[in-house]
S.K.: 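Got a structure for you, written out below as structure tokens; questions coming shortly.
The chain is numbered in sequence order, starting from 1. Just so you know, these numbers use all the heavy atoms, side chains as well, and skip hydrogens, waters and symmetry mates.
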Amino acid sequence: MHTFTRYFPLGPSFLTDSGKELLFCAAASQCHRSALDPGRPRSVPPRSGAAGVPSPQNPPSPASSPLSPGPAGPASPRLSPAAGAPSLPGCAGAGAGPLPSRPVPGPARRGAGGGPRRGETAPSKRARGGEAAGMGALAGRWALRAARLPVGGGRALTVPRRDPGCRPAVCAAPFADSASSGSRDEALRDKRARILSRGLPKQKPIEGVKQVVVLASGKGGVGKSTTAVNIALALAANDSTKEVGLLDADIYGPSIPKMMNLKGNPELTSKNLMRPLKNHGIACMSMGFLIEETAPVVWRGLMVMSAVEKLLRQVDWGQLDYLVIDMPPGTGDVQLSVSQNIPIAGAVIISTPQDVALLDARKGAEMFRKVHVPVLGLVQNMSVFQCPKCKHETHIFGADGVRDLAKTLGLDVLGDIPLHVNIRETCDSGQPVVISQPQSDAAKAYLKIAMEIVRRLPVPPA
């Protein structure tokens with residue numbers, strides 16, 4: 001079976017003008033490659049219906065093809081004008097200029113031109129391989145795609161602007177790829193500029209809250225929640241006229257209910273807002289009030305951020321002078337959500353003097369600087385252990401590690417908290433040391449830190 005009738009069994013009437021141009025572009029490309037490599041076969045499907053060209057009415061013969069080598073020598077690398085081949089713009093050896101792109105209307109006909117018709121025998125793999133080698137792998141595939149071009153109705157398709165078989169060294173005509181690539185780059189730059197112009201989410205203050213103070217640490221297990229509870233109580237103890245709230249933003253491991261001796265579910269107001277639970281004069285809100293005490297929170301980041309948003313916005317805090325937020329460890333979703341959605345008056349970094357804890361504490365301080373939250377200072381927790389019998393002091397986690405970090409970051413050390421058994425016991429019992437033992441050294445340390453925080457806070461809005 002001739003190559004043309006093999007690939008296009010429906011005859012030349014099946015192809016549109018654009019399909020014919022694409023077919024002959026592939027043929028001319030193969031001819032030009034054959035001219036560069038005389039040993040390459042040149043069995044390219046010619047245009048059907050022309051003089052001496054096989055068609056359903058004109059059976060194929062070896063002498064009728066204008067591309068068949070005759071006794072005079074190899075055929076010309078160009079298609080013979082006598083064969084009826086149109087000018088092939090954009091292909092080597094067939095004129096200059098890019099192939100025009102014309103939309104061809106119509107839905108694709110599945111199976112049109114692909115495979116044998118009823119009553120015909122499918123060619124063997126050897127025959128198909130010979131035909132593919134004759135046309136060249138790329139040209140053969142593009143000719144097959146041309147056979148499947150739409151024939152009427154439907155969405156318009158666009159013929160490619162150049163033959164993929166043509167090499168840049170052979171095809172000297174310019175293509176439109178560089179222009180289209182430039183337009184795409186410009187569109188991406190415009191889109192990026194529009195996104196950056198939006199900036200971060202606009203911060204919206206919490207209704208009724210004057211100033212927000214966050215206590216954070218890069219690493220867990222450094223006593224951050226214990227410090228947050230005692231500092232909230234110390235803020236209220238230093239000035240009885242101030243109203244203080246405490247928000248537990250640690251969704252996965254809430255500790256405030258245990259330390260503040262609070263249980264139960266928050267009530268709802270007429271505005272469908274949660275009313276925080278209160279103890280020791282501190283209004284508290286935690287995820288621990290909304291789940292069972294032993295139930296784990298197995299949530300992904302989006303659910304965690306949604307829960308934090310509800311704890312911030314859907315709570316009736318009343319009128320608060322200070323809202324202390326106990327942040328979870330790390331520098332992840334919760335920290336970003338809180339920092340970008342509400343105005344924060346200042347952040348306090350809690351750390352032990354241990355080198356491993358200091359590495360993450362520094363990351364936490366740098367994170368707040370990146371989101372433009374002022375860092376008020378650092379607190380050195382578990383700084384020293386004093387033996388209850390001989391009063392000998394031992395620096396279990398190291399000495400002055402937080403002070404060295406503060407000098408590196410250009411920050412202040414707000415105070416030192418000793419490692420004492422009373423701090424742990426009072427928090428586990430729900431009676432923090434600031435309330436249960438206000439005259440102890442540990443309580444005085446928390447009261448001093450609370451005073452340093454207030455001294456560094458900006459003037460609250462009127």
S.K.: Answer yes or no: does atom CD of Glu207 have more than 12 heavy-atom neighbours from other residues, nucleotides or ligands under 6.0 Å?
M.R.: no

S.K.: Mind listing the closest non-hydrogen atom pair of Leu311 and Ile251 along with its distance?
M.R.: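 Looks like CD1-CD1, 3.9 Å.
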
S.K.: Is the closest basic N to carboxylate O distance between Arg189 and Glu186 below 4.0 Å?
M.R.: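 Salt bridge absent between Arg189 and Glu186.
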
S.K.: Taking everything shown except Asp428 itself, do over 12 heavy atoms lie less than 6.0 Å from its CG?
M.R.: yes

S.K.: Hydrogens and angles aside, do Ser440 and Lys444 bring a side-chain donor and acceptor to less than 3.5 Å of each other?
M.R.: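 Lys444 and Ser440 do not have a side-chain donor-acceptor pair below 3.5 Å.
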
S.K.: Would you compute the distance between atom CG of Asn381 and atom OG1 of Thr226 and round it to the nearest 0.5 angstrom?
M.R.: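 Interatomic distance, Asn381 CG to Thr226 OG1, rounded to 0.5 Å: 7.5 Å.
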
S.K.: Test your reading of the model: is there a side-chain donor-acceptor pair from Ser339 to the backbone of Leu336, 3.5 Å cut-off?
M.R.: no

S.K.: Is there side-chain contact between Pro328 and Tyr252, with at least one heavy-atom pair below 4.5 Å?
M.R.: no

S.K.: Does a side-chain heavy-atom distance below 4.5 Å link His420 with Gln386?
M.R.: no

S.K.: Would a distance-only check, ignoring hydrogens and angles, find a side-chain to backbone donor-acceptor pair under 3.5 Å from Lys224 to Met327?
M.R.: yes

S.K.: Could you check whether any side-chain heavy atom of Leu358 comes within less than 4.5 Å of a side-chain heavy atom of Pro353, counting everything from C-beta outward?
M.R.: no

S.K.: Would you call Asp416 and Arg403 a side-chain contact if the rule is heavy atoms closer than 4.5 Å?
M.R.: yes

S.K.: Do Ile282 and Leu233 have side-chain heavy atoms sitting under 4.5 Å apart?
M.R.: yes

S.K.: Can you tell which of Ile350, Leu414, Val348 makes a side-chain contact (heavy atoms from CB on, under 4.5 Å) with Ile449?
M.R.: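 Going through Ile350, Leu414, Val348 one by one, the side-chain contact (heavy atoms from CB on, under 4.5 Å) with Ile449 is satisfied by Leu414 alone.
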
S.K.: Spell out, as yes or no, whether a donor-acceptor pair under 3.5 Å connects the side chain of Thr408 to the backbone of Asp404.
M.R.: yes

S.K.: If we only count heavy atoms from C-beta on, is the Pro329 to Lys219 side-chain gap below 4.5 Å?
M.R.: no

S.K.: In a check of side-chain contact (heavy atoms from CB on, under 4.5 Å) between Met285 and each of Leu323, Ile325, Leu312, Leu290, which one passes?
M.R.: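 Going through Leu323, Ile325, Leu312, Leu290 one by one, the side-chain contact (heavy atoms from CB on, under 4.5 Å) with Met285 is satisfied by Leu290 alone.
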
S.K.: Using modelled atom types and a 3.5 Å cut-off, is there a donor and acceptor pairing between side-chain atoms of Glu267 and backbone atoms of Leu277?
M.R.: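 No, the answer is negative, given that no donor and acceptor are paired below the 3.5 Å cut-off.
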
S.K.: Taking the side chain as everything from C-beta on, heavy atoms only, tell me whether Met287 gets closer than 4.5 Å to Asp248.
M.R.: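 Heavy-atom side-chain distance check fails, nothing below 4.5 Å.
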
S.K.: Does a side chain donor of either Ser225 or Asp326 reach within less than 3.5 Å of an acceptor in the other side chain?
M.R.: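 Indeed, the side chains of Ser225 and Asp326 share at least one donor-acceptor pair under 3.5 Å.
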
S.K.: Is it the case that more than 12 heavy atoms not belonging to Lys448 sit under 6.0 Å from its NZ atom?
M.R.: yes

S.K.: Should Met260 and Ser286 count as side-chain neighbours, where that means a heavy-atom distance under 4.5 Å?
M.R.: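 No, too far: nothing below the 4.5 Å cut-off.
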
S.K.: Within the side chain of Gln335, is there an N or O that forms a donor-acceptor pair under 3.5 Å with the backbone of Gly330?
M.R.: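 Confirmed, Gln335 side chain pairs with Gly330 backbone.
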
S.K.: Determine the sole option in Asn230, Val229, Ile231 for which the side-chain contact (heavy atoms from CB on, under 4.5 Å) test with Thr227 is passed.
M.R.: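 Going through the options one by one, the only one that passes is Ile231.
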
S.K.: With a cut-off of 6.0 Å (strictly less than), are more than 12 heavy atoms of other residues, nucleotides or ligands near CG of Leu302?
M.R.: no

S.K.: Keeping the roles fixed (side chain from Glu309, backbone from Val304), state whether a donor-acceptor pair exists under 3.5 Å.
M.R.: no

S.K.: Does Glu366 come within less than 4.0 Å of Lys370, counting only side-chain N to carboxylate O?
M.R.: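 Salt bridge absent between Glu366 and Lys370.
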
